[in-house]
Asker: 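Mind having a look at this structure? Questions to follow.
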Amino acid sequence: MAVREVTSAPSLATLYPKALLRRGGGSTLPSTELVRPEVVVDPAHVAAYNEVCGFRFSDELPATYPHMLVFGLQMALMTEPGFPFPLLGLVHVENRITQHRPLLLGETFRVSVRAENLRPHEKGTQFDMVSEVQSGADTVWSEVSTYLRRTGSGSGSSGPRTQLTPPKPSALWHVPGDIGRRYAEVSGDRNPIHLHPLTARLFGFPKAIAHGMWTKAHALASFEGRLPDAYSVAVRFKQPVLLPGRAAFTTWQTDDGWAFELWHARKPKPHLDGVISAL
């Protein structure tokens with residue numbers, strides 16, 4: 001795999017218009033790894049992220065924060081001419097983050113992103129965006145984001161739907177209508193489906209929807225003070241949270257950590273499920 005260094009954070013303001021125009025091309029994932037060799041976190045940006053997502057202020061970065069460091073590189077890779085799929089229309093279906101030890105303000109990191117594991121799915125094609133953060137020679141954080149490119153209109157199942165029963169909630173989330181715009185400000189993820197009902201309708205949504213990575217971060221914030229230094233947190237994104245909205249959040253302990261689910265507050269409609277496991 002060819003390694004290409006990127007000296008500064010990619011301009012998301014430039015990449016999103018490019019993403020709107022791209023239709024995809026090719027049939028294989030690029031054999032390129034994008035790398036930023038020296039990244040120092042801005043404390044003011046971490047503070048803004050913590051406020052939007054619900055984390056306390058600390059010298060330790062939330063485990064979901066390094067996604068802010070890799071997202072621009074992911075966008076840059078997925079908008080290159082040979083990338084096989086258009087960025088807009090991809091569905092983020094799963095995300096696994098592994099933190100090997102707490103990441104601290106003031107550290108200098110090496111950040112890398114690559115695409116791999118192109119594979120069929122019953123609803124289309126999947127692939128993984130693999131991101132890593134290194135401190136010196138050690139990998140201290142990694143992420144696997146799985147994306148689905150839907151093809152056709154089939155549901156993948158012809159049998160009757162199972163009636164879902166939401167668990168008893170541990171907490172009720174009141175998700176404000178502007179959370180998509182607020183998270184977009186700190187993340188740079190200005191996908192139109194998150195910003196306004198009018199732009200969301202252009203892509204088939206009745207209202208703007210919350211960012212999946214905001215829902216994951218907000219869920220993780222509820223576990224602060226109860227997690228080990230080294231752990232993984234994996235989620236599956238299901239049906240989106242329409243804005244504004246209310247959601248029922250449920251947690252329970254497992255043998256090696258925690259599990260959690262997010263549901264619509266009044267309907268048997270799951271938004272995500274997740275597992276936190278100690279390393």
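Note that the coordinates shown come from a computational prediction; the quantities given were computed from them, not determined experimentally.
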Asker: So Phe260 and Phe249, do their side chains get closer than 4.5 Å, heavy atoms only?
Answerer: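 The answer is yes; the side chains approach within 4.5 Å.
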
Asker: Do His92 side-chain atoms and Glu94 backbone N/O form a donor-acceptor pair below 3.5 Å?
Answerer: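 Yes.
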
Asker: So Phe85 and Phe127, would you call those rings parallel, tilted or perpendicular, with 30° and 60° as cut-offs?
Answerer: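 The arrangement is parallel - the two ring planes meet at less than 30°.
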
Asker: Is any side-chain N of the basic residue among Arg114 and Asp128 closer than 4.0 Å to the acidic one's carboxylate O?
Answerer: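 Between Asp128 and Arg114 there is no salt bridge, as every charged N stays at least 4.0 Å from the carboxylate O atoms.
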
Asker: Say whether, by atom type as modelled, one donor and one acceptor occur between the side chain of Asn50 and the main chain of Arg56 under 3.5 angstrom.
Answerer: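 Side chain of Asn50 to backbone of Arg56: a pair is present.
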
Asker: Is the side chain of Arg226 donor-acceptor paired with the backbone N or O of Glu224 at a distance under 3.5 Å, no angle test?
Answerer: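 Not a single qualifying donor-acceptor pair exists.
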
Asker: What pair of heavy atoms forms the shortest contact from Leu77 to Pro30, and how long is it?
Answerer: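 Between these two residues, the closest heavy atoms are CD1-CG, 3.9 Å.
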
Asker: Do you know which two heavy atoms are closest between Met75 and Thr79, and how far apart they sit?
Answerer: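 Closest approach of Met75 to Thr79, heavy atoms only: O-OG1, 2.8 Å.
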
Asker: Can you check whether His218 reaches Trp173 side chain to side chain, under 4.5 Å on heavy atoms?
Answerer: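 They are in contact (side-chain heavy atoms under 4.5 Å apart), so the answer is yes.
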
Asker: Could you go through the side-chain contact (heavy atoms from CB on, under 4.5 Å) check for Met68 and Ser187 one step at a time?
Answerer: CA-CA 6 Å; Met68 303 294 97; Ser187 69; 3.7 Å; yes

Asker: Between His264 (side chain only) and Lys267 (backbone N and O only), is there a donor and an acceptor less than 3.5 Å apart?
Answerer: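 Checking the backbone N and O of Lys267 against the side chain of His264, a donor-acceptor pair under 3.5 Å is found.
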
Asker: Among Gln74, Arg96, Gln99, find the residue that satisfies the side chain to side chain donor-acceptor pair (under 3.5 Å) test when tested with Glu143.
Answerer: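 Option passing the side chain to side chain donor-acceptor pair (under 3.5 Å) with Glu143: Gln74.
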
Asker: Would the distance check show the side chain of His196 and the main-chain N or O of Leu198 forming a donor-acceptor pair, the cut-off being under 3.5 Å?
Answerer: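 A pair under 3.5 Å: yes.
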
Asker: Side chains of Lys269 and Leu242: does their closest heavy-atom pair fall under 4.5 Å?
Answerer: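 SC-SC contact between Lys269 and Leu242 confirmed.
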
Asker: Are Tyr231 and Ser277 packed together at the side-chain level, in the sense that at least one heavy-atom pair is separated by less than 4.5 angstrom?
Answerer: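 No; the side chains remain at least 4.5 Å from each other.
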
Asker: Under a 3.5 Å distance rule, please check whether Thr125 uses its side chain to pair with a backbone N or O of Arg119 as donor and acceptor.
Answerer: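 Flag not set: sc Thr125 to bb Arg119 has no pair under 3.5 Å.
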
Asker: Salt bridge or not for Arg182 and Glu51, using N-O below 4.0 Å?
Answerer: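 Looking at Glu51 together with Arg182, the answer is no, because their closest N to O distance does not fall below 4.0 Å.
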
Asker: Is there a donor-acceptor contact under 3.5 Å from the side chain of His211 to the main chain of His194?
Answerer: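 No, His211 side chain to His194 backbone: no donor-acceptor pair under 3.5 Å.
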
Asker: Please give me the minimum heavy-atom distance between Leu29 and Ala115, naming the atom from each residue.
Answerer: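 Of all heavy-atom pairs spanning Leu29 and Ala115, the closest is CD1-C, 3.9 Å.
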
Asker: Is any side-chain heavy atom of Tyr49 less than 4.5 Å from a side-chain heavy atom of Thr64?
Answerer: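 Yes, their side chains come closer than 4.5 Å.
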
Asker: Could you tell me if the side chain of Thr32 sits less than 4.5 Å from the side chain of Met1, heavy atoms only?
Answerer: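 The answer is no, as the side chains (C-beta and beyond) never meet within the 4.5 Å cut-off.
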
Asker: If I compare all heavy atoms of Gly72 with all of Pro10, which pair ends up nearest, and what's the gap?
Answerer: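 Answer, listing the atom of Gly72 first, then Pro10: O-CG, 3.5 Å.
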
Asker: May I ask you to check whether Trp263 and His271 place their ring centres under 6.0 Å from each other?
Answerer: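 No: the rings miss the under 6.0 Å criterion.
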
Asker: Between Ser135 and Asp138, is there a donor-acceptor pair closer than 3.5 Å when you use the side chain of the first and the backbone of the second?
Answerer: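 It does not hold such a pair.
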
Asker: Which pair of non-hydrogen atoms, one from Pro66 and one from Leu103, has the smallest distance, and what is that distance?
Answerer: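 Looking at all heavy atoms of both residues, the shortest contact is CG-CD2, 3.8 Å.
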
Asker: Please identify which of these residues, Lys216, His67, Arg236, meets the side chain to side chain donor-acceptor pair (under 3.5 Å) condition with Asn95.
Answerer: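 Of the listed options, the one satisfying the test is Lys216.
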
Asker: Identify the two heavy atoms, one from Leu220 and one from Ala63, that lie closest to each other, and give their separation to 0.1 Å.
Answerer: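 Closest heavy-atom pair between Leu220 and Ala63: CD2-CB, 3.9 Å.
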
